[in-house]
Every structure is written in structure tokens, then in C-alpha cells.
Amino acid sequence: MNSNVNLTEKLKQYFGFDKFKGDQEAIVRSVLAGKNTFVLMPTGGGKSLCYQLPSLIMDGTAIVISPLIALMKNQVDVINGMSEEDGVAHYLNSSLNKAAIDQVKADITAGKTKLLYVAPESLTKDEYVEFLKTCKISFYAIDEAHCISEWGHDFRPEYRRIRPIVNEIGDAPVIALTATATDKVRTDIKKSLGIMDAVEFKSSFNRPNLYYEVKPKTKEIDKQIVRFIRQNEGKSGIIYCLSRKKVEELAAVLCANEIKAAPYHAGLDSQTRSETQDDFLMERIDVIVATIAFGMGIDKPDVRFVIHYDIPKSLEGYYQETGRAGRDGGEGRCIAFYSYKDLQKLEKFMEGKPVAEQDIGRQLLQETAAYAESSVCRRKLLLHYFGEDYEKENCENCDNCLHPKMKIEAQKQLVMVLQAVQRIKEDFRSDYVIDFVMGRATEDIVAHKHDQLEEFGLGEDEDPKLWNPVIRQAIIAGFLKKDVENYGLLKLTSAGKRFLKSPEPFMIVEDHEFKEDDDDETSEAHGSALDPTLYAMLKDLRQKMARKKNLPPYVIFMDGSLEQMATIYPITLEELQNIQGVGAGKAKKFGKEFVELIKKHCEENEIERPADLRVRTVAKKSMLKVKIIQSIDRQVALDDIANAQGLEFDELLDELEAIVYSGTKINIDYFLDEVMDEDHVDDIFDYFSESDTDSLDVAMDELGSDYSEDEIRLVRIKFLSEVAN
């Protein structure tokens, strides 16, 4: 059908392009010829044109089943923008009202509409099925088809019902399109759609313009991101986080640092989401902080960076999301932050799911971890995962290739691994193989009696860090393969068997080590960065000021605040407020002489101040603090405030201390009058007026056992509020 159409002319007429990209023309011809077609094309390769162009040429309406409302709106606007009349493309989904739905139906019936986008959930509605039965359908296009496969990274049960509904509406050719699918997922998609006979088109997954990098995730991550965006000012970027809460927090931090950013996640109402999307496309904002729901099908060609704040759950997801960068062939930087803790968190989330699903999830996670930890070319690893060989040794556009590690000889270790896999009958995964080689008598190994084999523990004297890289790089080199159909069991390949017979040199690079960040929230000032001379000068100044104002020194600034000042050198009152424990009130009241001293010290010693300083953090608890202060203004009892905010009483006291230490005044007399003896209040207040330290332990020693810890803390809060603020 229509096989002699001059496609290049049609391409120019409808889309304004002079020539097709890659396999596009062959794919369009396959659809025009009425064949079932399977298209595997990386993000940015021009997938949507493969069904849009034939739909405009053929009789009837093409139904495009697409997972995201935002994507539909975006594509429908694009198609209608190219056409002289309205209604060439429409969508049906939950966001439309009755009048809009009637208009869509009228345009289809009148033969105006060539492309109808439908969410899988809408396609299953009886009223739509009944209506579509009366229409001439040119073909069905299933976009983001990996959603069909539970191995894909976004399983949606409605996708599994597409074939029966297609049969009900009326048979027509099917074109399935995805940007990411391993062999396992490909077969699954074709089975589910009943198109095992489909003509397959598979484009290379290599995106040479994308730069891949993995960084260790530390407490400084927000600062690193702010600094990176500042260095790339005005460029568009997407930051992916796993949780909605983190999306909101990070977007707030970016905005506080004068970066035009907005959050995007499924918890926001659809109007906000589509406004944010439009703002991003129209460049009213530069950065979107999003959960993975964002960006599927967002056709912004010049996204210059994609940052993964959290490591994604699968390499499919990672590839899909990084693929949003550099679609125009220009620069695209893909940076992922990795920590082992995040991996453990993700594993925890899986508990409670069916065992088979947990198994699959863990395997996908292990692949992501292997990608992050490996020192092999990242491009090679990604392409290998998608079943493509990357021949070059060095891609020159990833962190591992630009900063290669020394290679080491691992022939002996590879032989041990291959022997082990053979001896345990190719029936186990890599973690089991490693335990076996290292001689760890785990429950599993003992149950299989493998601890009794002579090969058990052959490699116990080797460096344990070598086994993972040996196995991963043996898979890439083709000596071992992972049986994906079968939970990732390791099998020997014929090349592996040959290697065992006559081993040859086998060079590997060791994995990266990701050191865990300590959990203690120590002040950033501790450590080598502290300027001891300046710290001593600041303490002197505080002492002088304390004497002049007749206040204890800690009332002016706490030691921790001085340490931070001597680390990051604030030289304006505004910058001073970025120091922990310094609020606006305190900065105004005491700050002027301190910042003048710091400025003078920097000039005299030619100190280059860290640019970090200007990274403002958003107090995560600022909303909580506001609620607490408002409740105190209304004179709500403190124990009631604690209950209302879900806090223990001592946690509420922590919050109150943070509020008064940073310079905000609060009046808790109404509560003290109720719960404390007036003489006790006076005694404790007098003690703090004369003491050199605000230490609770010292106060409890000095004041004796007549006073409880809570009482001392409450009066200290009153004292700081009245005297210091």
C-alpha cells in the first residue's frame, strides 16, 4: 500500500526536513506496507516521526498508545502547529471534560483526525472502545513499549491488556517503539502484543556526544550541584531524584541560590505540572528537579545536563533519563551520584513485594551498581548491557576514559572464576561464585555441599576487591555470560572454555572505591580547612564584645559558629546568615565587627574565599520552625505543640534551642509560669547570666540535683531569647 509515495517530499512537506535519520525511512515504509514493526531506537533518534509521518499519509486514524499525558499534549501541539487546520492530532485522557471529548469524537468521525493519542488506562474504557469500533483505524503505535514488560523499568498492568483490546476495536498493523530494551524485554513486548512476526529495526545505542560520569555522593552534594549549575549558567538541565520530598527540598535550595528551577512530580496537580513543563520548554526556567516521571517524550533538543541525585533502579531507567541530554547532537553531560547507602535503601523498598519481583529488582540494581563502581569505559558497559559491542578501547568522553586507572594482570584470578563456574555446574550467580572462590562457607554453600569440593576457597589469599571486576570484565570480554532469562546465572561461553584450556594474559582495571560519608552531622568547619589564626582573632573579638555588653561570650556566637566563620570567611551580613546558628537578628545585632575583621584578615593575607560560601541552604525544618513560633505566639502549651508536630518533648526543646541560638526572640513565660517554680526560674537564669559556658552538663553539675534537665533547658531558652536576642 502506498509503496511508491515519494517519502522525502512528504517529509519536507510535513516536517520541513530534507532527509531522514538512520532507519526512519525504512521503518515508515514498513508501516505503510501494513507490516507489524518493532523499533528499538535510542532517545533522541527520532522515534515519533516513524509513526507520525505514515499516519499523515494513510487513510483513517492512527491510534498512538502512550503512557504520559504530558507527552501527548506536547506532541499534539507540535503536529497541530505544523498543520493548516486544527484537529489533525488529538488526545483522549483523564484530563479532558465532556465537551472536549465530544469535539475529539466529532473530528475523528469527520475524517479530520490522523493521529489519536490515548493513555492505556483510557483505551480500556468501554465508551472509547465502542466509539473506536466505528472508526477506520490505519494502525496502532505503542510508544514507550518497554512499559509492557515487567522487566522494563516502568511496569503498567494496562499495557498487558493492549492486544485483547486491539482485537476488539479492529485488527490493524502494530508498530511498537522503545528507546531501551534488552533482548529479554524485546521478546516479552512482541509476545504480549502478538507481533512475533514483526520486522525489527534496531539502531545503535551509542550517543557519542554524551559525557558520562559517576561521583561519590557526600554531604556536600547540594553544594556541588549548585556550583556545577553556576558554572553552566543559562543552560537547560534536569536533575532526577527518587523521592518527591527530595525533589521539593532540592528545588528550594536551587531557588534560594538564584537558580531558575522548579520541582516536578506526580504529587503536584496536573495544571502545575503542565505549566512547569511549558516554562522549561519556553526557557522561563533553566532546571527541572524531578522524579523519573518527568521528561518521557519531552522534546527539548538542548538539555545540556542530566544529573542523577540518586542512583536509578535500573540501567534501562538510567539510559532513558540520560538520553534526554544533547538530543541536538550538542554537548550533554550526564552525572550520577552514587553511594552504597542508597543501594541498600532501594533494596529495602523491595521488601514486601512478590519474591520473583524482588529477584528481578535486585538484579537490575546490581547491574546499576556494577556500572557505577566499575572503572571500565562507561559507554562500553552501557552498550554491552543493551547487547551491542563497542569496539574502541577508549571512548574519550567518560570519566573512566579521561582518567584511566592502571591495568593489572588477572589471568590467574580469571582461571579460578571460570573453574568455579564450571565446577558448580553453571547454576549460580556471581555473588555465590565469589563466596565459593573465597572459601566462605555460607548457609547456601553448605546446603549444596560445595564447601566439600577441592576448588572451594582456591582464591582465599587473593585481594577480595578483585573478584567483582574480574567477573564483570570477563562478561564484557565474552568469557562468561549472564543468563538473563534465568535470574542472572553465570555460564561459561565457548571462549571461556578455550581460555581454561590455554589461558592468556587478561588485564583488568580495579573498581572505584566509594568511601561512605560519616553519618554524624559534624559542623563542616571541623577539619583541616579551619583557619586557626582567624579563629583565635574571632574568639578575642567575642570576648571583648561580651565584656562590653556584659554578656556571656556564647550568647554572642557559639563556638561552632566561630569555627564555621574561620572556615568559609563570610564578609557581609547576608553571607554571615549562612553560618549555622546565625539568624538575621543575630547577624544585625553582633555581626558587623565580625565580618569587618574577617574581610580585613582576607585582604591582608590574600586569602581566596571558597565560592561555596554563597551556596545557601534551605532550612529543611523552616516550616516546622514557623509552626512552632506561631503556636508559641498563640501561647499553646509546649507539650501540646510537641504532640501536634509529632515530636518528643526533648526534640521540641532541640528545635526551640536552634530558634533562639540563631537570633529569633520567643516568649515562653506563659508556659514556665504554669510548670515551674518561680524561684527555680530565677536561680537558673542567674546562673546563666554569670556563667562562661552554655554547656548543659556543666550547668547540671553546678546547679545540683534540685533542677531537672528539662527545667535547665527551658530557662536557658528563655535566657538566650531575652539576653542575646
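This structure is a prediction, so every number in the text was calculated from the model and none was measured. All values below come from the heavy atoms of this structure, side chains included, with hydrogens, waters and symmetry mates left out.
Using a 4.0 Å cut-off between charged side-chain N and carboxylate O, Asp328 and Arg304 make a salt bridge. A salt bridge is absent between Glu722 and Lys665: the closest approach of a Lys/Arg side-chain nitrogen to an acidic carboxylate oxygen does not fall below 4.0 angstrom. Taking 4.0 Å as the cut-off between side-chain N and carboxylate O, Lys345 and Asp310 do not count as a salt-bridged pair.
With a 4.5 Å cut-off on side-chain heavy atoms, Lys718 and Asn667 do not count as touching. Here the side chains of Met565 and Leu576 are in contact, with some heavy-atom distance below 4.5 Å. Counting heavy atoms from C-beta on, the side chains of Leu638 and Val675 never come closer than 4.5 Å. Residues Ile259 and Asp286 form no side-chain contact, since every pair of their non-hydrogen atoms from C-beta on lies 4.5 Å or further apart. Within the 4.5 Å cutoff, the side chain of Tyr318 has no heavy atoms near those of the Lys313 side chain. You'll find the side chain of Ile712 reaches within 4.5 Å of the side chain of Leu703, heavy atoms only. Looking at heavy atoms from C-beta onward, Leu242 lies in side-chain contact with Leu346 at the 4.5 angstrom threshold. Using a 4.5 Å heavy-atom threshold, the side chains of Val509 and Pro469 count as separate.
Ring orientation note: the planes of Phe557 and Phe594 are nearly perpendicular, at an angle over 60° on the 30°/60° scale. Below 30°, between 30° and 60°, or above 60°: for Tyr212 and Tyr371 the angle between ring planes is above 60°, a perpendicular geometry.
Just one of Lys215, Arg378, Arg379 meets the salt bridge (charged side-chain N to carboxylate O under 4.0 Å, His left out) condition when paired with Asp399; it is Arg378. Results of the salt bridge (charged side-chain N to carboxylate O under 4.0 Å, His left out) test with Glu283 over Lys300, Lys235, Lys260 single out Lys300 as the only residue that passes.
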- Go through the steps for Leu624 and Gln645 under the test side-chain contact (heavy atoms from CB on, under 4.5 Å), then give the verdict. CA-CA 8 Å; Leu624 176 62; Gln645 299 303 330; 3.6 Å; yes

- Query: Can you check side-chain contact (heavy atoms from CB on, under 4.5 Å) on Glu603 and Lys599, steps first, answer last?
  - Reply: CA-CA 6 Å; Glu603 282 164 3; Lys599 189 172 180 188; 3.4 Å; yes

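Side-chain atoms of Tyr707 and Asp677 include no donor-acceptor pair closer than 3.5 Å. A donor-acceptor contact closer than 3.5 angstrom is absent between the side chains of Thr276 and Asp279. Side-chain contact of Tyr211 with Glu331: a donor-acceptor pair under 3.5 Å is absent, judged by distance alone. Side-chain atoms of Asn400 and His512 include a donor-acceptor pair closer than 3.5 Å.
Atom NZ of Lys405 is surrounded by more than 12 heavy atoms from other residues, nucleotides or ligands within 6.0 Å.
Among residues at least two apart or in separate chains, ring pair (Phe, Tyr, Trp, His ring centres under 6.0 Å) pairs with a member in residues 215-235 are Phe228-Phe305.
Checked against a 6.0 Å centroid threshold, the rings of His308 and Phe337 do not count as neighbours.
Within the model, atoms CG of Leu268 and CD of Glu248 stand 6.0 Å from one another, a figure rounded to the nearest 0.5 Å.
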